[in-house]
Peer 1: 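Have a look at this one before I ask anything.
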Number of protein chains: 2
Amino acid sequence: MDALDARIIDLFTTDPQVGILGASRRLGVARGTVQARLDRLQERGVIKSFAPQIDPRALGYPVTAFCTLEIRQRQGHAPVVAHLAAIPEVLEIHSITGVGDLIVRVVARDNADLGRVIDEMIDDVHVLRANTSMCLVSHLDHRTGPLVHSAASS
Amino acid sequence: MDALDARIIDLFTTDPQVGILGASRRLGVARGTVQARLDRLQERGVIKSFAPQIDPRALGYPVTAFCTLEIRQRQGHAPVVAHLAAIPEVLEIHSITGVGDLIVRVVARDNADLGRVIDEMIDDVHVLRANTSMCLVSHLDHRTGPLVHSAASS
DNA sequence: CGCACGGCTGGGCAGTCTGCCCGTTCCCTT
DNA sequence: AAGGGAACGGGCAGACTGCCCAGCCGTGCG
């Protein structure tokens, strides 16, 4: 992970259509170098994938919320996670420390729809309580650019 | 947004290297159709980008945490957001309702490093308190597949 | 009822890029 | 000093892209 890796990632982040040849030209390195770097970055898992990133807002789901769920600890998290994963509006599920046991990121078509989604979530005998925080503004939306440079320079 | 759109997104999600021609072959439609659908999906903003997805874990940041920050409301969220955005380990910032004013997703190299990141976050006169929940397990990591199908069938 | 419109189809074109090969050079480590 | 890894420049066939066209079909409108 060096500066060239970071610049390659930067370039493909800002302009994914640039292609390997275009990247090599803009970066002033040989094409094979960019190719090898990209292969290694994917092999090491740094680049997870080139999958298209979907915007729920454009799909008609402009409402985002974070819910912390308190669950019955008897049988572990697995059954609850299975129940939650079956709900399309559930985008992320994480086990966390502190108050509540799970944090869940959900989207909805509107505020009323959010109510429906929450009802679906707590419709499980293992879910004891849900605490919902609606997202008002997203000031930063999963950027990793600075992190990549930080990892490259260290 | 119909079933074909959803299948195209599915295909490019599971195999981003498939290409337009390959997708048209696998889906049994004309190449121009796939091309037009992709163009429209990007134009409408449904597909935000084809940027490479970075895995902080592979970069040496295996620790994830969610922090809710309580901030001094005097001058709005802007100055605090600027301060937080300057920290590379901060990946997301959202204004939320409920207890706390901001929710921040951060990563760190280890638990001690997380302490450093939190110290950097609260090193701002506008930040009154931080409440951190460490992420133990990620059961679902920002999947949008089911949501796309849900939007397509409705 | 007829017609225009948008979308899908199949085909074709030149241009470009990809994946892979080679030999060479440079630098770091052993 | 020797070895290995990485980058370089070049080249090859193959495949893909972006863009064009004409034709067909279903929908909606006048």
Side-chain angles (χ1 to χ4, degrees), chain A residues 1-55 57-60 144-145 147-154, chain B residues 1-61 144-145 147-154:
Chain A
M1 201 59 216
D2 63 2
L4 182 56
D5 285 326
R7 289 204 299 160
I8 290 174
I9 291 176
D10 267 357
L11 197 48
F12 275 90
T13 300
T14 57
D15 183 7
Q17 315 284 28
V18 69
I20 292 176
L21 186 56
S24 73
R25 281 200 278 250
R26 282 211 223 168
L27 296 174
V29 298
R31 182 169 66 105
T33 304
V34 176
Q35 211 153 11
R37 295 293 189 117
L38 270 183
D39 286 347
R40 240 174 304 157
L41 284 171
Q42 292 194 66
E43 190 182 334
R44 269 191 288 159
V46 174
I47 294 181
K48 220 184 306 182
S49 85
F50 277 88
Q53 285 167 35
I54 305 303
D55 185 2
R57 199 172 328 231
L59 275 179
T144 47
L147 191 69
V148 168
H149 279 94
S150 182
S153 59
S154 67
Chain B
M1 201 61 215
D2 63 0
L4 181 56
D5 284 325
R7 290 204 297 160
I8 290 174
I9 292 176
D10 268 357
L11 197 48
F12 276 90
T13 300
T14 56
D15 183 6
Q17 314 285 28
V18 70
I20 292 176
L21 186 57
S24 73
R25 281 200 279 252
R26 282 212 221 167
L27 297 174
V29 297
R31 182 170 65 105
T33 303
V34 177
Q35 211 152 10
R37 295 293 189 118
L38 270 182
D39 287 347
R40 242 174 303 158
L41 285 171
Q42 292 193 66
E43 190 182 334
R44 268 192 288 159
V46 173
I47 294 180
K48 219 184 308 182
S49 85
F50 277 88
Q53 284 167 34
I54 305 302
D55 186 2
R57 200 172 327 228
L59 275 179
Y61 295 84
T144 47
L147 191 69
V148 168
H149 279 93
S150 182
S153 59
S154 67

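Letters A, B, ... are given to chains in the order of the sequence lines, protein chains preceding strands, and every chain is numbered from 1.
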Peer 1: In whole angstroms, how far is the C1' atom of dC20(C) from the CD atom of Gln35(A)?
Peer 2: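 Those two atoms, CD and C1', are 8 Å apart.
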Peer 1: Dump the intermediate steps for side chain to side chain contact (heavy atoms under 4.5 Å, CB included) on Phe50(B) and Phe12(A), then the final yes or no.
Peer 2: CA-CA 9 Å; Phe50(B) 277 88; Phe12(A) 275 90; over 6 Å; no
Peer 1: If you walk 5' to 3' along DNA chain D, what is the first nucleotide with an atom under 4.0 Å of a heavy atom in chain B, and what is the last?
Peer 2: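 Range of nucleotides touched by chain B: dC16(D) to dC19(D).
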Peer 1: Would you mind reading off the bend of the helix from dC1(C)-dG30(D) to dT30(C)-dA1(D) from its two end axes, five pairs each, to 10 degrees?
Peer 2: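 The value is 40°.
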Peer 1: Among residues 39-52 of chain B, which residues get a heavy atom nearer than 4.0 Å to DNA chain C?
Peer 2: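 Only Arg40(B) qualify.
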Peer 1: Check each residue of residues 19-31 of chain A for a non-hydrogen atom within less than 4.0 Å of any atom in DNA chain D, then write out the ones that pass by number, or none.
Peer 2: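 Listed by number, they are Val29(A), Ala30(A), Arg31(A).
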Peer 1: Can you find a side chain N or O atom of Arg37(B) that sits less than 4.0 Å from OP1 or OP2 on dC8(C)?
Peer 2: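 For dC8(C), OP1/OP2 do have a side-chain N/O of Arg37(B) under 4.0 Å.
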Peer 1: Taking all non-hydrogen atoms of both residues into account, name the closest pair between Arg44(B) and Ala58(A) and its distance.
Peer 2: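 Between these two residues, the closest heavy atoms are O-CB, 3.7 Å.
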Peer 1: Would you indicate whether the side-chain heavy atoms of Gln53(A) and Gln53(B) approach each other to under 4.5 Å?
Peer 2: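 Heavy-atom side-chain distance check passes, below 4.5 Å.
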Peer 1: Only counting residues at least two apart or in another chain, list the ones meeting salt bridge (Lys or Arg N to Asp or Glu O under 4.0 Å) with Arg37(A).
Peer 2: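 Salt bridge (Lys or Arg N to Asp or Glu O under 4.0 Å) list for Arg37(A), sorted by chain: Asp2(A), Asp5(A).
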Peer 1: Does Thr33(B) have a side-chain nitrogen or oxygen under 4.0 Å from the phosphate oxygens OP1 or OP2 of dT9(C)?
Peer 2: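 Indeed, a polar side-chain atom of Thr33(B) lies that close.
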Peer 1: Side chains of residues 14-30 of chain B: which donor-acceptor pairs under 3.5 Å do they make with residues two or more places apart or in other chains?
Peer 2:
{"residue": "Thr14(B)", "atom": "OG1", "partner": "Asp10(B)", "partner atom": "O", "Å": "3.2"}
{"residue": "Thr14(B)", "atom": "OG1", "partner": "Leu11(B)", "partner atom": "O", "Å": "3.2"}
{"residue": "Asp15(B)", "atom": "OD1", "partner": "Gln17(B)", "partner atom": "N", "Å": "3.4"}
{"residue": "Asp15(B)", "atom": "OD2", "partner": "Arg26(B)", "partner atom": "NH2", "Å": "2.9"}
{"residue": "Ser24(B)", "atom": "OG", "partner": "Leu21(B)", "partner atom": "O", "Å": "2.7"}

